Structure formats: C-alpha cells, structure tokens
S.K.: 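Below is the structure I would like to discuss, written out as structure tokens.
The figures that follow rest on heavy atoms only: side chains count, while hydrogens, waters and symmetry mates do not. As the structure is a computational prediction, the values presented were derived from the model and not from experiment.
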2 protein chains.
Amino acid sequence: MGNRAALMSTPTVFVVDDDVSVRESLELLIQSAGWRSETFDSAVPFLSRPHVAVPSCLILDVSLPDLDGLELQKRIADDRVDMPIIFITGYGDVPTTVRAMKAGALEFLTKPFVDDVLLSAIDHAIERSRAAAEFAATVRGLRERYASLTRREREVMALVVSGRLNKQVAAELAISEITVKAHRGKMMRKMRADSLADLVNMAATLSPQMRG
Amino acid sequence: MGNRAALMSTPTVFVVDDDVSVRESLELLIQSAGWRSETFDSAVPFLSRPHVAVPSCLILDVSLPDLDGLELQKRIADDRVDMPIIFITGYGDVPTTVRAMKAGALEFLTKPFVDDVLLSAIDHAIERSRAAAEFAATVRGLRERYASLTRREREVMALVVSGRLNKQVAAELAISEITVKAHRGKMMRKMRADSLADLVNMAATLSPQMRG
DNA sequence: GGGGCCATCATACCTTGGTGTCGGTCCGCG
DNA sequence: CGCGGACCGACACCAAGGTATGATGGCCCC
C-alpha cells in the first residue's frame, strides 16, 4: 500500500496560451498543486504532441495565433474524449461562452481568476478524465470483441438482445434452430458474456457502434 | 388522418420577462410562428401556473424582480424536465452564462437578438421537450410497475437482471428454486416484460430509481 | 490441392426456464 | 374472527437454452 501512490502515474495538465507570462504562472500553480504540466504557445504544436496515457485536462485560451480555442476544441472532440477542457480568456463575450459550453467545455473562466477556482476546476476535470478514460477503455474492448464476430454472429446477437427466441431467430434468418444455437454459443464466447443480461448491457453500450 | 393536426395540441412557449415591451414583441413573434404563448412579468406567478400537458419551453430573462432567472431555473429543474429554458438578457456576463449553461440551459441569447435565432432555438427546445416528455412518461410507467412489486419480487428482479440463474437466486435468497420461478413469473407479468432482454433494458432505465 | 474459416444441419443429451394447480404459514386489517 | 395478500413450497409437464460430436459444402488463399 505504501508505494501505491508512487506507482500511479501523475495526471497531466496541458496549457495552451500565447501569453508567456500566463503559461509560466499557470505552470507554477499546477506543479505546486502536484500535477505534471506541459505548456504550448499555440494550438498546432499541441495537436502534434502524442497522446498521454494518464488522466489529463486542457487549459485553453480562447484566442490563439493559429487555430482559436473553439476550433481546437472541435478538433479534439472526437479524438481525446478523456481530456476535458477548461477555457480561460481575457475578454470573454457571451456568444463565445455559449458555443464553448455547448461543445462540452467543463469550465469557462475569465482572467483574472482566483487560483482556487481554477484548481478545483482542474480537480473536477481530472476526475472526469479518469472516468472517461475508463469508459473509453471498456467501449474499446467491447468494440474489439464485436469486431471479431462474423456477420451471422452479429445478426444472431442483434436478434437475441432484442428478446427473440432461438426459434424466432431461426425463422427470421431462414436457418435451422440448431444452427442458431451454434452461432449464439460462439458469439457469447467471443463477446465474453456469461449471461444474456450481460450481453444486453454490452449491446446497450455498443449500440452507437452497432448501427454504424 | 385529416383532422389529426387539429387534434394535436399546440406547443406553448412561456415568457418570463419584467419588460412589458419585450413580452409583447415576443408574444407577437411566437404566435406568428404558430405557437401558443403565455407571458409573465415575474417568476412567482409563473411558478403557480399549473403544468401544461403539451410540449413547451421557457424564454427567461436573467434579471427579474422576485426570483432571478438562475434561481427559477433551479426551481424547475426537477419539476419540469420537459421544459427547456432559453435565456435572454440585456447585459450578459460570462459567469452567469456559464452557470446557466451548466445547469442545462438550451440557449443563452443577448438582446438584441435576431428573430430567426430565437425561433430556431424555440424549435429545438420544443423538439427536445417532446422527447423529454416521452421519456419521462416511459420512466413514470416503469416506476409505477416497479412500485407494484413486492419486496421479494424486487429482490428476484435485481438478481435476475444481474445474470443470475434461478438456482443461484434461490441460493442467495435461501429459498427454493420453484419459489424463485413463482416470484419471477409474477414479476415479469407485473413489469409487462415479455423477455429477459426487455427486463434488463427496463432495469437500466430504472436504475436510478432502483437504488433509491 | 490442401488448410482454414464460415455456415449449415443433425442427433443426442442435459440443464434451465415457465406455467398450472394445489396446499400451507404468517400477518395485518376491518 | 375471517379475509386477503405475501411468501413458501411440491408435483407435473412442456418449452427453451446449451453443448458435444460429427458431417457437408462453399470460399479464399497459399
């Protein structure tokens, strides 16, 4: 138990702001609060940085020399779902704030802000990042298993989770019931589902990917 | 089919704003777009108005004489989940905007705004209201059925949706398997679930209420 | 041509789920 | 006190799920 904290990797707080004095003071604040920090003076270098495998968040200035903050937010929306964004800005207007929040920003702060407000926002962000990463990993695992199914197995799975009996599945696919059982068994093993309830929940989590 | 539109009740747009000229112009705008409208000069009278049974939304001024807009939003958050809020304000500041959006506001507009922007916001709001009302009705139905279960039936349901076999349920509850079957059958009928898959989905929808 | 994968089906066997009927105890309520 | 409901359980019976073994044929690729 003693070295568990040492083994856990430290969350990273990214900062993208074109003002060097802001970067420096934020870096100091972040590191003194016990997180790792990495700063960038514009969006493009940040985008080319490889992803990290630890909980993280992004403190992002709205106005930037290359891509502005909202653009950057759009770029990483699909890409890094486990990196919540905290916006900071010198002169914030309402429409920009609304756009940022609608696009899923966790927080939107105007400079100057109280340090504690930012620190607690980071706290929340890291916590959310952790949860999002965990969920993403689950979904990734499920998608891999689903991808390993054959077409028939997928068809059987879809009908089974919708509550059809083997007999009905057989009728809808115009095959015999025993064949359905074969597909079903193989599918359950591939999905590593150890009960129908399990499978239904998996399908619910997967439902966005199952349609596409 | 011909009189179906006539039978469908018209969505209602509520307006709470202390400026009479705003109320009047909004009323005109809303009604000319084909919706019903009801206006209030402050929060309290609005709160005492009975709920409507049609899709609806609320156009809400941030600053009001009695309860301010954010307070009112808090009050109706649990109460009227099917009434999305569109904020309007003369002098909007960023922190207020953030609070409103975090609390689930659909839109936050600063006066003066383009009519079309508001109209399309109302469109979205009504659509969301419709969906929310439908979902709420589903949940209400499920909760009623769940409430009609006896304690034992609920215990059996919880174990069944977690993937346990009747045999295992019997062991965990220290009763015989045949009794589990009896409870299970009665529970399925009461819940109007016609397959295990069905029940698992119901339980997923109900899960917030099942814990509490 | 052979090996691998997929899909199909069959036979046989066992487990699990589901229902109906019947009977019993306990408890609370009018 | 009697009634209803919850809870428990047994017997019987049938439907559905699950697995093992084995076999056939199509297809693709080396």
Side-chain angles (χ1 to χ4, degrees), chain A residues 141-206 209-212, chain B residues 141-206 209-212:
Chain A
L142 283 181
R143 254 192 310 161
E144 271 171 32
R145 297 180 224 167
Y146 185 70
S148 79
L149 300 183
T150 67
R151 181 176 327 180
R152 258 308 194 232
E153 286 160 358
R154 276 176 219 175
E155 291 166 349
V156 170
M157 172 168 167
L159 292 169
V160 163
V161 299
S162 80
R164 307 292 203 292
L165 303 178
N166 286 343
K167 182 193 302 189
Q168 297 171 316
V169 175
E172 294 194 37
L173 298 181
I175 57 179
S176 81
E177 193 181 335
I178 190 69
T179 306
V180 172
K181 286 186 182 182
H183 288 313
R184 181 173 181 160
K186 204 158 189 205
M187 176 268 289
M188 291 294 281
R189 272 191 301 278
K190 282 189 182 176
M191 292 300 292
R192 269 171 261 163
D194 42 38
S195 69
L196 176 56
D198 229 27
L199 189 76
V200 172
N201 286 320
M202 288 180 182
T205 311
L206 271 177
Q209 355 271 331
M210 282 177 71
R211 286 190 252 286
Chain B
L142 282 181
R143 254 192 310 160
E144 270 171 33
R145 296 179 225 167
Y146 185 70
S148 78
L149 300 183
T150 67
R151 181 176 328 181
R152 259 306 194 235
E153 285 160 0
R154 276 177 219 172
E155 290 167 349
V156 170
M157 172 169 167
L159 292 169
V160 164
V161 299
S162 80
R164 307 292 205 290
L165 303 178
N166 285 343
K167 182 193 302 193
Q168 298 169 314
V169 175
E172 295 195 37
L173 298 180
I175 56 180
S176 83
E177 192 181 336
I178 190 72
T179 306
V180 171
K181 287 186 182 180
H183 288 314
R184 182 172 181 160
K186 206 160 186 203
M187 176 269 289
M188 292 294 282
R189 273 192 301 279
K190 281 188 183 177
M191 293 300 292
R192 270 173 258 160
D194 42 39
S195 69
L196 177 55
D198 228 27
L199 190 74
V200 172
N201 285 320
M202 288 181 183
T205 313
L206 271 177
Q209 355 271 329
M210 283 178 70
R211 285 190 253 286

S.K.: What nucleic acid atoms does A:S176 come within less than 4.0 Å of, heavy atoms only: base, sugar-phosphate, or nothing?
M.R.: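 Sugar-phosphate only.
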
S.K.: Return no unless some side-chain N or O of A:T150 is found under 4.0 Å from OP1 or OP2 of C:dC5.
M.R.: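 Negative; the distance criterion is not met.
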
S.K.: Take the protein atom NZ of A:K167 and the nucleotide atom C1' of D:dG17, then report the distance between them rounded to whole Å.
M.R.: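 Taking NZ of A:K167 and C1' of D:dG17, I get 12 Å after rounding.
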
S.K.: Between A:R189 and B:K190, name the one whose nearest nucleotide on DNA chain D is closer to the 5' end.
M.R.: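 Closer to the 5' end of DNA chain D: B:K190.
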
S.K.: Can you check the B:I175 CD1 to C:dT25 C1' distance for me, whole Å?
M.R.: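 Distance, rounded to whole Å: 15 Å.
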
S.K.: Give a yes/no on whether any side-chain N or O of B:T179 is located under 4.0 angstrom from OP1 or OP2 of D:dG9.
M.R.: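 For D:dG9, OP1/OP2 do have a side-chain N/O of B:T179 under 4.0 Å.
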
S.K.: Output the single nucleotide from D:dG17, C:dG18, D:dG9 whose closest atom is nearest the side chain of B:K181.
M.R.: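 Among D:dG17, C:dG18, D:dG9, the one nearest the side chain of B:K181 is C:dG18.
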
S.K.: Once you apply a heavy-atom cut-off of 4.0 Å, does B:I178 come out as touching a base, just sugar-phosphate, or nothing?
M.R.: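 Base, at least one base atom sits under 4.0 Å.
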
S.K.: Quickly work out the B:R154 CZ to D:dA6 P distance and round it to whole Å.
M.R.: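 Answer to the nearest Å: 11 Å.
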
S.K.: Without decimals, in angstroms, what is the distance between B:Q168 CD and C:dT15 C1'?
M.R.: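 Going from CD in B:Q168 over to C1' in C:dT15 covers 13 Å.
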
S.K.: Indicate whether the side chain of A:R164 and that of A:S162 have a donor and an acceptor atom separated by less than 3.5 Å.
M.R.: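 Side chains of A:R164 and A:S162: pair found under 3.5 Å.
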
S.K.: Give a yes/no answer on whether the side chain of B:N166 brings an N or O atom under 4.0 Å of OP1 or OP2 in C:dT16.
M.R.: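 So the side chain of B:N166 is outside the cut-off, no N or O lying under 4.0 Å from OP1 or OP2 of C:dT16.
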
S.K.: Could you check how far CG of B:L165 sits from P of C:dG18, rounded to whole Å?
M.R.: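 About 11 Å, once rounded to whole Å.
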
S.K.: Looking at A:H183, I'd like to know whether one of its side-chain N or O atoms comes within less than 4.0 Å of OP1 or OP2 on C:dT8.
M.R.: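 Answer yes for this pair, as a side-chain N or O of A:H183 is under 4.0 Å from OP1 or OP2.
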
S.K.: Counting only side-chain N and O atoms of A:R152, is one of them less than 4.0 Å from OP1 or OP2 of C:dC6?
M.R.: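 Answer is no, no contact under 4.0 Å.
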
